[in-house]
Amino acid sequence: MPPTDASTDADTTPTTDRHAPAPPAESGERADDADNADNADNVQGGQGVQGAEHAEHAEHAEHTRSADGADSADFQDTLDLRLPDELLALFAEAEQDGGHRATPDLSAATEHDLLDDVGEWGPVTTPSGVFQLVPVRVERDLALISRWMNDPAVAAFWELAGPDTVTAEHLAPQLDGDGRSVPCLGVLDGAPMSYWEIYRADLDPLARHYPARPHDTGIHLLIGGVANRGRGLGTTLLKAVADLVLDHRPRCARVVAEPDLRNTPSVSAFLGAGFRFFAEVDLPDKRAALMVRDRALRNVLQASHSQ
């Protein structure tokens, strides 16, 4: 599943950036779409993370990748990580049954546990209204998502313009896969207005391009209607969704994204949402800015704000 990265200028239509969709066994690398925040939001967001980036300069230096994609000495290709503990436990139970079950039933574990039930995370109140991630249902949502994909500003990067079948083919590997990527509608005050993909970055081909850690979680974003672009919603919703991930995925220490390095409005939106620039990485279709939001840094900032 490829990355997608969309941003919106305050005075122009948005741009989006995408990689090709992934097969069920490998959710795609897709650069996250981010609606461009207002200029004031962008400046404030960039300043807000400068201290964090400076404080972690040493870590950044260790992990920054060269142009050919080679990583530092501690880089690991984590695409083929071991199975999650819950799946290993199922195999152990099968062995204890004396071989009566040749293989354990993995359906429940893979469908729900890889991303901790995104559909049950519930709504969250943001400065822009009540927001909720709602897992996609093709029969209900295909026409809407396809219409967004045919917006020229979106199609330039997601490359999914065309009949509904094009979008359906992009959704199918995620909906029919093992649960490592969950496509969702973003619903704001009851109205669907954005498309999201929440995915296991550590189980994604993206993990070949940076030192991934177990349970790293990636996000891709597309702001749908033109009326919702260019007014800072991207920054607001990116922060809200990153918080949802960290609140509902206790084993996840980092939320990651990979907007196109040239897409400065998108990068600014991530910075405004509390992400930090981690490294430049060469993905199949672009050179990306790897953005990271750390649980530890978030906790430090929350503690300082409460004092």
Exercise. Would a 4.5 Å heavy-atom cut-off, applied to side chains only, mark V292 and F277 as touching?
Worked result: no
Exercise. Just checking, is any N or O donor in the side chain of S194 or W196 under 3.5 Å from an acceptor N or O on the other one?
Worked result: yes
For this session: Establish, from distance only, whether the side-chain atoms of R249 and T217 form a donor-acceptor pair under 3.5 Å.
Result: yes
Exercise. Would you say the side-chain atoms of Y195 and D141 include a donor-acceptor pair closer than 3.5 Å?
Worked result: no
Problem set entry | Partners passing side chain to side chain donor-acceptor pair (under 3.5 Å) against R137 (at least two apart in sequence or in another chain) | E139
Exercise. Got a sec, which pairs hit salt bridge (Lys or Arg N to Asp or Glu O under 4.0 Å) with one end in residues 233-242, sequence neighbours left out?
Worked result: K239-D243
Exercise. R147: what forms a side-chain contact (heavy atoms from CB on, under 4.5 Å) with it, not counting sequence neighbours?
Worked result: L144
Exercise. Would you call L244 and V118 a side-chain contact if the rule is heavy atoms closer than 4.5 Å?
Worked result: no
For this session: List the steps, then state whether side chain to side chain contact (heavy atoms under 4.5 Å, CB included) holds for Y199 with R180.
Result: CA-CA 5 Å; Y199 69 99; R180 69 181 64 192; over 6 Å; no
Exercise. Hey, are E197 and S181 close enough side-chain-wise for a donor-acceptor pair under 3.5 Å?
Worked result: no
Problem set entry | Close side-chain approach of D202 to R213, heavy-atom, < 4.5 Å | no
For this session: State whether a side-chain donor-acceptor pair under 3.5 Å links H170 with E159.
Result: no
For this session: Please list, chain by chain and in numerical order, all residues satisfying side-chain contact (heavy atoms from CB on, under 4.5 Å) with P250, sequence neighbours excluded.
Result: none
Residues 124-136 side chain polar contacts: donor-acceptor under 3.5 Å, at least two apart:
residue: T126; atom: OG1; partner: S128; partner atom: N; Å: 3.1
residue: T126; atom: OG1; partner: G129; partner atom: N; Å: 3.2
residue: T126; atom: OG1; partner: G129; partner atom: O; Å: 2.8

Exercise. Who passes ring pair (Phe, Tyr, Trp, His ring centres under 6.0 Å) against W121, sequence neighbours left out?
Worked result: H248
For this session: Can you sort out the partners of V166 under side-chain contact (heavy atoms from CB on, under 4.5 Å), two or more places apart, ordered by chain and number?
Result: L160, P163
Seminar exercise, completed: For L142, the side-chain contact (heavy atoms from CB on, under 4.5 Å) test, sequence neighbours excluded, returns V138, D164, T167, A168, L171
For this session: Would you mind checking if D294 and R254 are paired as a salt bridge, meaning a charged N to carboxylate O distance below 4.0 Å?
Result: no
